[in-house]
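None of the values given here were measured: they were computed from a predicted structure.
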Amino acid sequence: MRLLRFFGWLLIIVAVAVLGFWLVLDNGEETPLVLLGFPLGSLPLGIWLAAAFLLGVVAALIATWPVVASARLRRRRLERDLARRPSAE
């Protein structure tokens with residue numbers, strides 16, 4: 001089961017990488033970007049899109065990390081309490 005999960009994640013990672021390369025290759029025109037009045041330079045549009053996507057993924061991970069950590073901690077506490085409880089047999 002663990003090997004199947006590994007290959008599933010590997011397939012997802014390869015698919016995302018291929019789509020990312022495809023995005024960059026199809027959107028190769030140089031595009032200057034200005035953010036809040038500050039010029040960020042001129043890069044191909046595909047790179048700007050990929051960077052925005054990655055920034056969104058990182059922001060989502062950071063935003064959900066406290067909730068996920070809290071849920072894992074609660075699950076561990078409940079599992080520990082359940083293990084300490086005498087069996088009902």
Side-chain angles (χ1 to χ4, degrees):
M1 185 67 176
R2 193 172 204 167
L3 186 63
L4 184 63
R5 181 182 293 168
F6 170 76
F7 281 121
W9 279 111
L10 185 64
L11 179 66
I12 290 171
I13 290 169
V14 168
V16 168
V18 167
L19 288 174
F21 286 127
W22 190 10
L23 177 77
V24 171
L25 290 175
D26 279 352
N27 295 291
E29 55 275 358
E30 291 282 324
T31 306
L33 187 66
V34 178
L35 181 65
L36 300 173
F38 299 103
L40 297 178
S42 182
L43 290 173
L45 180 61
I47 292 178
W48 286 124
L49 291 172
F53 176 76
L54 288 175
L55 185 63
V57 168
V58 169
L61 288 173
I62 291 171
T64 59
W65 179 77
V67 175
V68 171
S70 174
R72 285 182 181 171
L73 183 62
R74 184 170 188 267
R75 188 192 78 210
R76 286 185 191 139
R77 285 182 192 154
L78 290 172
E79 286 174 348
R80 192 175 339 127
D81 290 345
L82 187 61
R84 289 182 187 163
R85 179 179 272 184
S87 63
E89 293 178 12

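By the rule that hydrophobic residues join a cluster once side-chain heavy atoms approach within less than 4.5 Å of another member, L23 and I47 end up as members of separate clusters. F38 and L33 fall within a single hydrophobic cluster, where Ile, Leu, Val, Met, Phe, Trp and Tyr side chains are chained together by heavy-atom contacts under 4.5 Å. No single ILVMFWY cluster, assembled from side-chain heavy atoms under 4.5 Å apart, contains both V68 and V57. Both L36 and L40 belong to a single network of hydrophobic side chains, linked directly or stepwise wherever heavy atoms of I, L, V, M, F, W or Y lie under 4.5 Å apart. Residues L3 and L10 share a single hydrophobic cluster, defined by chaining ILVMFWY side chains whose heavy atoms lie under 4.5 Å apart.
Residue pairs satisfying the side chain to side chain donor-acceptor pair (under 3.5 Å) criterion with at least one member in residues 32-59, sequence neighbours excluded, are listed as follows: E30-S42.
The side-chain heavy atoms of L73 and R75, taken from C-beta on, include no pair separated by under 4.5 Å. By the 4.5 Å heavy-atom criterion applied to side chains, R5 and W9 are counted as neighbours. The shortest side-chain heavy-atom distance between R74 and R77 does not fall under the 4.5 Å cut-off. Residues L19 and W22 meet the side-chain proximity criterion, which asks for heavy atoms closer than 4.5 Å.
By the side-chain hydrogen bond (donor to acceptor under 3.5 Å, both in side chains) test, D81 is found to be paired with no residue, residues two or more places apart in sequence or in another chain being considered.
Atom CG in L49 sits 11.5 Å away from atom CG in D26 (nearest 0.5 Å).
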